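Since we're looking at a predicted model, the values are computed, not measured.
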Amino acid sequence: MTTSPRKTVAKAQDVLKALTRHQAHHEISIIKLSEPITSYSAEEPRQRTSDASNSALEGPTPAGLEADLAHYSELFSKLRFSYVEQVTKEKFIRAIVGDPPLIVSMRENLELETQNLAAKAELKKLKQDVASMVDDLEHKARELSQQYASIQLETARLEELPTKIRDLEARVAELKASRATADSNPELNLPLSKTRQLVSRRQAEQQQVTRELKALQSKVPHKRKEVERLEAELGPLETKRQNSRAAAREAKRRREAALGGVGDDLEQRARWWRASESILTQLLDSKSG
């Protein structure tokens, strides 16, 4: 069962509104993720002078946060070394100046060394677990970042979807109107195979007409010269015809003036005699036959 375009538009708009509300309440950004670090650094009485990423706190970026992490790791490593050194010195001095002085036997040293080895192994295992956890978190964070970018892209597409659907509906209406007009012409409703045949036939006819047109165009210069020659010959003949017509009118005028109007009567009588002669000739020919 197919859904109508209007239902699809309504559903897309509902999804878009729900997604917009969710993003408004659960906005994700690097700035918000870095707020605990920046707030802690703002509460410190003295600003760090050795941290090169102080300026990055105003506008945190992934590269800036990675630089902060590397910087803090280096500081913690130095701090741990200084702490261990200071505590060791303090214990050694207290053992020497104590009353009575603290004397450690060989057996106790061996036990402490054994305990240290076990503690080191446990610490190494914990470090490996933490490193694996950090790798998993980084991998998961990158996946979430890609998903978030994909969601942002799909959201933009959803925002454009109603406009595209309206354009498609208008296009469908235009096609339906053109189809109603095309029903009056059977050639516009042919199947694909017959349409291709018709196109091929029309193309062949067009090529034939093009060839004929080229052949006629090649004859145009010769025909133009012939027309110019005939026009040149026609000019004197036209002049001669006009002169002859004028001379005939003048001769007719003079003859009528000389006969005093009898010419018209004579001409009518001559036509009557010629008609009578034709009739008699036809009668004689029919009798003789």
Tell me, please, which residues at least two apart from E90 pass side chain to side chain donor-acceptor pair (under 3.5 Å).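 So E90 forms a side chain to side chain donor-acceptor pair (under 3.5 Å) with R94.
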Run the salt-bridge test on [X] and [Y] with the 4.0 Å N-O cut-off and return the result as yes or no.
{"X": "D136", "Y": "K140", "value": "no"}
{"X": "E228", "Y": "R224", "value": "no"}
{"X": "R171", "Y": "E174", "value": "yes"}
{"X": "R157", "Y": "E160", "value": "no"}

So how far is it from [X] [atom1] to [Y] [atom2], rounded to the nearest 0.5 Å?
{"X": "N243", "Y": "R245", "atom1": "CG", "atom2": "CZ", "value": "11.0 Å"}
{"X": "L153", "Y": "Y148", "atom1": "CG", "atom2": "OH", "value": "13.0 Å"}
{"X": "L123", "Y": "N116", "atom1": "CG", "atom2": "CG", "value": "11.0 Å"}
{"X": "L117", "Y": "L112", "atom1": "CG", "atom2": "CG", "value": "11.0 Å"}
{"X": "E113", "Y": "M106", "atom1": "CD", "atom2": "CE", "value": "10.0 Å"}

What side-chain donor-acceptor pairs closer than 3.5 Å can you find for residues 203-216, not counting sequence neighbours?
| residue | atom | partner | partner atom | Å |
| --- | --- | --- | --- | --- |
| Q208 | OE1 | R211 | NH2 | 2.6 |
| Q208 | NE2 | E212 | OE2 | 3.2 |
| T210 | OG1 | Q206 | O | 2.7 |

List the steps and the verdict of side-chain contact (heavy atoms from CB on, under 4.5 Å) for R229 and E226. CA-CA 5 Å; R229 181 180 61 80; E226 187 175 355; 3.8 Å; yes
